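Worksheet: the structure to be examined is printed underneath.
What you see is a predicted model, and the numbers here were worked out from it, not measured in a lab. Quick note: numbers below take in every heavy atom, side chains included, and nothing from hydrogens, waters or symmetry partners.
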Amino acid sequence: MKSSEIRQKFLDYFASKGHTVVSSSSLVPHEDPTLLFTNAGMNQFKDVFLGFDKRPYTRAASSQKCVRAGGKHNDLENVGYTARHHTFFEMLGNFSFGDYFKRDAIKYAWELLTEVFKLPKDKLYVTVYAEDDEAYDIWTKKVGLAADRVIRIGDNKGARYASDNFWMMGDTGPCGPCTEIFYDHGAHIPGGLPGTPEEDGDRYIEIWNNVFMQFNRDEAGVMHPLPKPSVDTGMGLERISAVLQHVHANYEIDLFQALIKAAARETNQTNLDQPSLRVLADHIRACSFLIADGVIPGNEGRGYVLRRIIRRAIRHGYKLGAREAFFYKMVPDLVEQMGSAYPELVAEQVRVKGILKLEEERFFATIEHGMAILEADLAEMEKAGGKVFNGETAFKLHDTYGFPLDLTADICRERGVKVDDAAFNAAMARQKEQARAAGKFKMAANLEYSGPATTFHGYESLEHKGNILALYKDGVEVNELNEGDLGVVVLDDTPFYAESGGQVGDSGELRSVHGIFAVEDTQKIQASVFGHHGVVKTGKLSVGNGVTARVDVAARSRTMRNHSATHLMHKALREVLGTHVQQKGSQVDADKTRFDFVHTQPMSDAEIRKVEAIVNAEILSNAECQSRVMPIEEAQKTGAMMLFGEKYGDVVRVLNIGSSIELCGGTHVKRTGDIGLFKIVAESGVAAGVRRVEAVTGEGALALVQQQEVQLQQVADAVKAQPQEAAARITQILDNVKSLEKELAALKSKLASAQGDELLAQAQDVSGVKVLAAKLDGADAAVLRETLDKLKDKLKSAAVVLASVAEGKVSLIAGVTADATAKVKAGELVNFVAQQVGGKGGGRPDMAQAGGTQPEHLAKALASVPDWVKAKL
């Protein structure tokens, strides 16, 4: 049975049992700061389980795409080397929100496995929580499973409820026992039953977990029965496919075999049983789905995790012999396997390929140099018998060549070497010190809160009275904050907007008779709970105090102008560039709006001017802006813009700004004329198929125009012309410069030719190969390369090293003719010389470059070249 059939049979079965089949949510969790990526089927129902959200159904089933690669769920180093570790996987799940409970959940699981999938009953074992007599009795008395096949798992981690068979959402909140179903892969595979010392073996594999949310755990650890117990289950599609396809490892199922063959095709491999091919098969899934859901490779957060996975894939391709972009060519194979189940993959296929190709090309441009440094250091370590790789070098590889730490560690691990993580982290900490200081108030994801929700009044007023519900200091709940304390304040009522939908959180102050709290930022602790981050300026704050909450009016006004302009710009971009334009991210603050969107090429100056004209025309119309709250079905009929992959509730806020209609919960101007003036500041590419526009409004736009006028006058003064004549004068100057540069290049070429001819006589014959090592005075990189090429042509069979010195730094280039590269490699030769002058380097066998910082050792280093070449020959 194919994996696609298994997925569909699962969903069809639960649909027949009254479940609503819900589409997989995005891999980017919606307004959940506690998660980097969606990592379980229940993530999209989290607010339903917590009581913050209601759905029109009480039973649901889904096949949820999940990623575990970052944070505590990070098994990246094991992916490709074990039978069941993945970065991306699909979780089949059925859920009950206060509807059915243990009896039906167990009945459904057993019926599906044994009657629909027809698994042999004697191959299945079950675990239950040791104290869950109800589940034990259902299995043994209702299902009829023999008692020796139902294993009670107790609290084996030193505390009550600390069991593999007791699930908790957090330290407090919904929790309960669970029952897991295991499949016996056979006596030929090592391993014992759950609860035995041999349970870590691979014979008995968990295929399904049914969690029974039965209690609410309070801060004192007391378990209170929930009024409406619920069910949350999860069964990995890859694991059940392995069982039903009669294979042991997930990588042997049809989904992976097709992708492994695609990886082998693109890397010219015939042996399909290689860990690197499994890595590529796994990573193409994670990378493609993340990009399809809007994640872009970057240097922080989700983008950085994606970049790490891509670069790990490229390294494994490099290990298999790939020397140019290849990974993106596997995307059509993935679409063929999974596109029917996940249409977003089909819709985004071209963009996914483009982003992967661009990321590959960028990394391939540096991987060779980075690998040369890494290999050279590892070779030196092996000679010295060392087992710990220098953490500072690992950081240099990260910082200069884009090697994430786990990629360097992956390569070192294959050679039996560990990386000095402490030294790497120390180097990283020095670089990030300023960034950490800037982000000191971003603490929301670490806070535990179980009180009432926050009521937001910021649409109507920028000042409102509220009561303090909770206080936090250093991430821990406290009863009061004193003068000078950094902390977070939760209010029952607030006019402060919490960061959401691309709009930054408000700043301002909370004032009471007891003290003043300066609010630096406002973040969501939960979907409907706002955390005011800042510092106590005077006095103190205590839980229960009443405060007057005042938003910074000037900052909010500037932010609203920028946010409203973003909506108008989005519509204008679609009008000018085409309806393919889709938002892929935004950030709106008091200084600017930054908007990422789908488009395959840079905007022309004419297109930018046209977008500006359309937006400013909307501003001049001074139309009234309106917001309406309505059911989502009604909103869809209005034609309001909805963002792909965004999660919307049953009731939404529809915003009319000029001719733009979008769903948005942000704060906006009352009339379009309030925006004042709109000006695009920059347009750039952030990834293949994704462009970014930055713009300013109001006084920010006026300041920009005035600054540009000053700069134009300064340029005009410098070229001794009137502002209106400056462009023509600069063109004339540039033409003169180009003419002089041509003359200079011609003179340099003559110099290179003359110096080359003079050097021919210095070449030594070493075992039939002409060896030349010389210094060229006043030569730049271009002259060194040109001279090297001419010498190689004239010497026929040769190994040449040329050097020059400028401002205390040595530039080196080495070249070896094709007939000699089998024994003498330019990369090794230039590295040999570079190490003697305080540097390192490497490159291709026929040509390589390097540098150094000790020119005083250059003469001796060049003199050692003939003996080195002789030893190689």
Side-chain angles (χ1 to χ4, degrees), residues 39-42 49 72-73 75 84 91 93-96 100-110 113 121-185 187 189-226 229-236 239 448:
N39 60 24
M42 64 80 64
F49 285 124
K72 68 178 182 179
H73 295 298
D75 294 315
R84 273 167 285 280
M91 186 65 81
N94 58 287
F95 309 90
S96 165
Y100 63 84
F101 200 43
K102 294 181 185 179
R103 182 176 59 82
D104 285 338
I106 290 173
K107 172 190 169 186
Y108 294 150
W110 190 252
L113 290 177
K121 296 179 182 179
D122 62 357
K123 286 278 191 179
L124 298 175
Y125 289 80
V126 168
T127 62
V128 297
Y129 182 52
E131 299 180 25
D132 192 0
D133 294 332
E134 182 183 1
Y136 182 87
D137 288 344
I138 293 170
W139 279 115
T140 55
K141 296 176 181 178
K142 301 291 184 183
V143 176
L145 205 57
D148 62 354
R149 289 183 174 272
V150 183
I151 305 164
R152 291 181 184 263
I153 303 295
D155 300 321
N156 55 3
K157 298 180 181 179
R160 194 174 183 200
Y161 306 121
S163 167
D164 289 338
N165 277 70
F166 198 93
W167 181 90
M168 298 186 185
M169 188 176 290
D171 292 336
T172 61
C175 57
C178 61
T179 181
E180 298 177 334
I181 303 172
F182 288 75
Y183 181 80
D184 179 3
H185 276 277
I189 296 173
L193 285 166
T196 68
E198 297 78 30
E199 66 180 355
D200 289 336
D202 277 348
R203 175 175 175 178
Y204 300 94
I205 298 299
E206 176 202 337
I207 57 174
W208 203 346
N209 187 13
N210 283 254
V211 175
F212 306 125
M213 292 192 192
Q214 191 169 350
F215 306 104
N216 182 52
R217 183 176 185 173
D218 65 20
E219 294 177 351
V222 178
M223 297 290 184
H224 303 278
L226 288 171
S230 300
V231 173
D232 158 28
T233 84
M235 175 164 61
R239 289 194 181 192
E448 294 287 341

Apply side-chain hydrogen bond (donor to acceptor under 3.5 Å, both in side chains) to residues T179 and N210 and explain how you reach the verdict. CA-CA 5 Å; T179 181; N210 283 254; over 6 Å; no

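Ion pairing of R152 with D132 is absent here, as no side-chain N (NZ or NE/NH1/NH2) approaches a carboxylate O to less than 4.0 Å. By the 4.0 Å N-to-carboxylate-O rule, K142 lies too far from D137 to be salt-bridged with it.
The closest side-chain heavy-atom distance from Q214 to S230 is not below 4.5 Å.
Classified by interplanar angle (parallel below 30°, tilted 30° to 60°, perpendicular above 60°), the ring pair Y108/Y100 is perpendicular. Using cut-offs of 30° and 60° on the angle between ring planes, the pair Y125 and Y204 is perpendicular.
Nearest heavy-atom pair, C175 versus M223, reported as atom, atom and distance to 0.1 Å: SG-SD, 3.5 Å. Taking both residues in full, the closest heavy atoms of G154 and A130 are given as CA-CB, 3.7 Å, listed atom of the first, atom of the second, then distance. Among all heavy-atom pairs drawn from W110 and K121, the shortest one is CZ2-CG, 3.7 Å. Taking both residues in full, the closest heavy atoms of F215 and P177 are given as CE1-CD, 4.3 Å, listed atom of the first, atom of the second, then distance.
Here the SG-CH2 distance, from C178 to W208, works out to 14.0 Å after rounding to the nearest 0.5 Å. The line from OH of Y161 to OH of Y129 is 6.0 Å long, rounded to the nearest 0.5 Å. Atom CD1 in I207 sits 10.0 Å away from atom CZ in R239 (nearest 0.5 Å).
Sorted by first and then second residue, the salt bridge (charged side-chain N to carboxylate O under 4.0 Å, His left out) pairs involving residues 212-226 (not counting sequence neighbours) form an empty list.
Counting only N and O atoms by type, the side chains of D155 and S163 include no donor and acceptor under 3.5 Å apart.
Under the side chain to side chain contact (heavy atoms under 4.5 Å, CB included) rule, I151 has a single partner from V128, T127, T196, which is T127.
With sequence neighbours left out, the ring pair (Phe, Tyr, Trp, His ring centres under 6.0 Å) criterion links W167 to no other residue.
Panel note: side chain T233, backbone N209; no donor-acceptor pair is recorded below 3.5 Å.
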